[in-house]
Every structure is written in C-alpha cells, then in structure tokens.
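Before any comments, here is the structure.
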Amino acid sequence: RSAHVVVVGGGFGGATAAKYLRLWSNGQVRVTLIERNAQFVSCPMSNLVIGGMETMAQITHDYAGLRDHHGVRVVQDTVTAIDPATRELRLASGERLHYDRLLLSPGIDFMPERIEGLAGHEDEIPHAWKAGPQTTLLQRQLAAMPDGGVFAIHIPKAPFRCPPGPYERASLVADYCRRHKPRAKVLVLDANADIQSKKGLFLAAWGDRYRGLIEYRPNNQLLGVDARSRTAKLEFDDIKADVLNVIPPQRAGKVVELIGSRLVNDRWVSVNWLSTEVSDVPNVHVIGDATLSAPRMPKSGTMANQQAKVAAAAILHLLADLPPNASPVVMNTCYSYVGGDSAMHVASVHRFDTAEHTFLPVEGAGGLSAVASPAEATAAQAWAHNIWADMLR
Ligand code: FAD
C-alpha cells in the first residue's frame with residue numbers, strides 16, 4: 001500500500017505542498033487535497049483589483065493542473081473532524097479519509113468579536129483580507145463612493161496576514177481616487193505604533209504621489225463600529241467614513257482546533273520548524289499563516305510556499321523512516337505596489353538554527369528596494385505568475 005498524505009487548504013502553503021509531495025516522491029505517495037473553494041483566488045494582487053487596475057479573473061486560478069498534471073486528488077469539501085489516534089479525517093460530505101501524514105495549511109480566520117458591533121456585518125464593513133467576493137464588494141464600495149468621500153482602513157495590532165498589505169491597499173485606493181475622485185481622502189487608522197513594513201518607502205511614495213490624499217494615524221485602536229452609519233469608534237474619537245474597511249484581528253484557520261493540541265493557543269499553532277510537525281500530535285504538520293511565526297518571518301504567500309517545501313521534504317523523509325533535513329533554508333520576497341505602475345520589494349533569508357531550534361534571519365542577506373519603480377512593478381507581476389505556476393501547474 002502506498003503512503004497517503006492528506007493536505008487541508010489549497011492556498012499558498014497547501015497547494016504547493018500537494019504538488020511537491022507528488023513530484024519529489026515520483027508519484028509514489030498518494031496525495032489528497034481538501035479545499036472548501038472551487039477555485040483559488042490570490043490575495044497577492046487583489047489590492048490591484050480593489051484599485052480597479054486588474055480584474056478578479058486575473059487573480060483566479062483552478063486546480064486542474066494539480067489534478068491532471070500531478071495526480072493530486074482534489075476534493076472540494078470542508079474538514080469537520082480529525083482523529084489523530086486513528087489517523088482519520090471526516091468531511092462535511094460524510095466521507096472519511098485515512099492518512100499516514102496530515103498537513104494543515106488553512107490560513108487565517110477572523111476575530112470580529114474583538115471589535116464591538118463588527119461580527120455579522122462584513123457586507124457593510126468588508127475586510128477583503130481573504131480574496132474573493134469581499135474583494136469585489138470593497139471595489140464596488142470604492143467605485144460608488146462620492147468624490148470628497150472618506151475611505152478609512154483600520155489595521156489590527158500585529159501579527160496579521162501580510163504586514164505591508166494594508167499600506168499597499170491605502171496606496172492603490174489613493175491611486176484610484178487621484179484619477180476618479182480627486183477630492184476624496186484615504187484615512188489609515190493603524191492600531192500599531194508605526195507602519196509595519198517598508199515604512200520609508202511608503203512614506204516617500206505617499207509624499208510624492210498622494211500629498212493631502214492619504215492621512216496616516218498610528219496608535220488608533222478600534223474599539224467598536226456602527227455598521228449602519230459606517231462609524232469607527234476609536235479610543236479618542238469617532239470617525240464616520242463613506243467606505244469603512246476594517247481588517248479584523250486574525251488567528252489560525254479554525255480547523256487547527258480539531259487536532260486537540262496544547263500547542264494551539266487562542267491564535268496560532270506552534271510547530272517544530274525542522275519538520276513543521278506539531279510536537280504533541282503524531283503525524284500532523286501545520287504551515288503558513290496559521291503558525292506562530294519564527295522570529296521576523298512574515299505571514300506571506302512566499303513564506304507559506306517555502307514552508308510547504310520544507311514540509312513536503314520532511315514528510316517524505318519521515319515516511320521513509322529518515323530524519324528531516326538538518327538545516328533547511330527558506331527565503332521571503334514580498335512586493336508592494338505604491339501605485340498601479342510602481343512597486344518595491346523586501347527580501348529576507350531564514351536558516352534553521354539548531355541551538356535556538358527555530359528559523360532565524362540570516363544577517364546581511366536579503367534587502368529592500370532603494371525606491372519604488374515601474375521596473376519593480378514588472379518584477380511583481382513576474383513574481384505572482386511564477387508563484388501561481390509553482391503552486392498550481
Ligand atoms: P491561504 O493561502 O489562505 O490558504 C488556506 C486555504 O485553506 C484557503 O483556500 C481556505 O479556503 C482553505 N481552508 C481553510 N479551512 C479549511 C477547511 N476546514 N476545510 C477545507 N479548506 C479549508 N503574500 C505575499 O507573499 N506577497 C504578496 O504580495 C501578498 N499580498 C497580499 C495582499 C493582501 C491584500 C492579502 C490579504 C494578503 C497578501 N499576502 C501576500 C499574504 C498571503 O495571501 C498569505 O500569507 C497566504 O495566503 C498564506 O498562505 P496559507 O496557505 O497559509 O493560507
């Protein structure tokens with residue numbers, strides 16, 4: 001009987017792992033991918049859709065490549081129960097699956113209950129922090145906003161998915177406003193004390209391109225919202241917006257609760273980064289945004305894609321009764337647009353440190369753009385098309 005690996009979540013982490021488990025085992029390991037959505041919609045590049053520079057079709061991809069080229073069994077369903085003792089998994093359809101190894105890459109779920117009045121109001125106050133119908137909704141709200149209107153974005157306390165993502169969004173909304181609603185205002189309400197990534201580059205771009213259009217306010221913790229009047233209730237004042245985009249606090253996708261681990265805290269899952277295993281539940285691995293990140297490791301699609309390769313290699317070694325690689329190295333590259341025609345990047349390298357038993361940044365490796373440029377917008381497009389191909393084709 002050939003070994004069977006079940007992967008939950010067909011996003012950056014899960015789709016990549018499913019493909020590489022098949023490739024690196026020469027098709028010897030059976031792989032089933034459970035994903036609740038029929039298609040993959042990319043969060044990277046989704047801010048361009050909100051800004052009206054790209055379409056949903058350009059960021060939506062199917063799973064045919066994994067099925068037809070790589071022999072992954074792709075099942076559109078939701079996991080409802082996991083029994084690590086019998087290594088069995090149950091789906092909403094009633095199907096039961098037995099696994100030798102289980103890999104979870106479920107991404108994030110939101111904690112709207114932490115902001116009074118927010119839960120159940122994501123149609124009036126979209127987050128658009130999982131690409132899909134919410135992206136379209138926010139784009140339509142922006143298009144319908146009157147000239148002279150206020151588009152307010154609230155950013156939760158770190159850690160959250162994609163540290164530069166909210167500031168990229170503010171830039172692209174401002175780019176849209178500059179062209180279509182020049183009297184509008186983009187208000188960035190940040191619960192953090194500072195811009196979380198590429199600070200100097202964002203501030204330079206905002207000063208050059210969007211002077212008077214973007215206003216940045218740090219230390220603005222959101223306490224509650226009124227969905228009907230689109231009012232943000234902050235610690236020191238209330239702000240009424242025409243479009244209110246609240247990115248709620250986040251936690252690991254709820255499916256992680258089903259493994260019954262003490263290493264799942266109220267937000268993230270601690271993993272053994274050498275193998276991506278959850279140490280107190282045999283045969284279960286977790287990667288991607290759902291994990292308690294290693295030091296200075298961002299919750300990014302590149303990172304999930306890289307962790308997927310660490311996980312796939314470790315799973316194949318463990319299935320063959322071999323130890324995982326002793327010193328995995330991963331890297332991150334994250335592009336951000338500051339306008340439809342200009343982008344910049346940050347890059348880092350992370351090596352597994354045996355003494356600390358976690359990934360640590362390699363000092364002196366990686367870097368940051370000197371300035372945002374059109375050439376980097378071309379590179380950002382290439383990055384997206386390459387990583388989508390690496391996951392799905
Ligand atoms: P995901 O990609 O979210 O995949 C999780 C999958 O699991 C989902 O498809 C979900 O449907 C499925 N799932 C969850 N629970 C279940 C269940 N119980 N049963 C079945 N299926 C389930 N990263 C970059 O590297 N570069 C960027 O430029 C970038 N830009 C971004 C811009 C925005 C606006 C946002 C929001 C994010 C951006 N990111 C970027 C971050 C990136 O999207 C995430 O870090 C990445 O998606 C994490 O991968 P993942 O596999 O952990 O989760």
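Ligands are counted one by one from 1 in listed order, and the atoms in each one are counted from 1 as well.
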Inset, instruction - Hey, can you tell me if W388 and H385 have their rings parallel, tilted or perpendicular (30° and 60° cut-offs)? - result: perpendicular
Distances for all N or O pairs of ligand 1 and the protein under 3.5 Å?
from: ligand 1; atom 1: 2 (O); to: F12; atom 2: N; distance (Å): 3.2
from: ligand 1; atom 1: 3 (O); to: R161; atom 2: NH2; distance (Å): 2.7
from: ligand 1; atom 1: 9 (O); to: E35; atom 2: OE1; distance (Å): 2.6
from: ligand 1; atom 1: 9 (O); to: E35; atom 2: OE2; distance (Å): 3.1
from: ligand 1; atom 1: 11 (O); to: E35; atom 2: OE2; distance (Å): 2.8
from: ligand 1; atom 1: 11 (O); to: N37; atom 2: ND2; distance (Å): 3.4
from: ligand 1; atom 1: 15 (N); to: R36; atom 2: NH2; distance (Å): 3.3
from: ligand 1; atom 1: 19 (N); to: V79; atom 2: N; distance (Å): 3.3
from: ligand 1; atom 1: 21 (N); to: R36; atom 2: N; distance (Å): 3.3
from: ligand 1; atom 1: 23 (N); to: G301; atom 2: N; distance (Å): 2.9
from: ligand 1; atom 1: 25 (O); to: G301; atom 2: N; distance (Å): 2.9
from: ligand 1; atom 1: 25 (O); to: T302; atom 2: N; distance (Å): 3.0
from: ligand 1; atom 1: 25 (O); to: T302; atom 2: OG1; distance (Å): 3.3
from: ligand 1; atom 1: 45 (O); to: D289; atom 2: OD1; distance (Å): 2.9
from: ligand 1; atom 1: 45 (O); to: D289; atom 2: OD2; distance (Å): 3.2
from: ligand 1; atom 1: 45 (O); to: K299; atom 2: O; distance (Å): 3.4
from: ligand 1; atom 1: 45 (O); to: S300; atom 2: N; distance (Å): 3.4
from: ligand 1; atom 1: 45 (O); to: S300; atom 2: O; distance (Å): 3.4
from: ligand 1; atom 1: 45 (O); to: G301; atom 2: N; distance (Å): 3.1
from: ligand 1; atom 1: 51 (O); to: G13; atom 2: N; distance (Å): 2.8
from: ligand 1; atom 1: 51 (O); to: S105; atom 2: OG; distance (Å): 2.8
from: ligand 1; atom 1: 52 (O); to: D289; atom 2: N; distance (Å): 2.9
from: ligand 1; atom 1: 53 (O); to: R161; atom 2: NH2; distance (Å): 3.4

Legend entry - Ring-face cation of K309 near W24 (centre distance under 6.0 Å, axis angle within 45°): no
Legend entry - Set of residues satisfying side-chain hydrogen bond (donor to acceptor under 3.5 Å, both in side chains) with respect to Y335, sequence neighbours excluded: none
Inset, instruction - State plainly whether the residues R161 and D289 are in salt-bridge range, i.e. N to O under 4.0 Å. - result: yes
Legend entry - All salt bridge (charged side-chain N to carboxylate O under 4.0 Å, His left out) counterparts of R1, not counting sequence neighbours: D100
Legend entry - Partners passing salt bridge (charged side-chain N to carboxylate O under 4.0 Å, His left out) against E257 (at least two apart in sequence or in another chain): R251
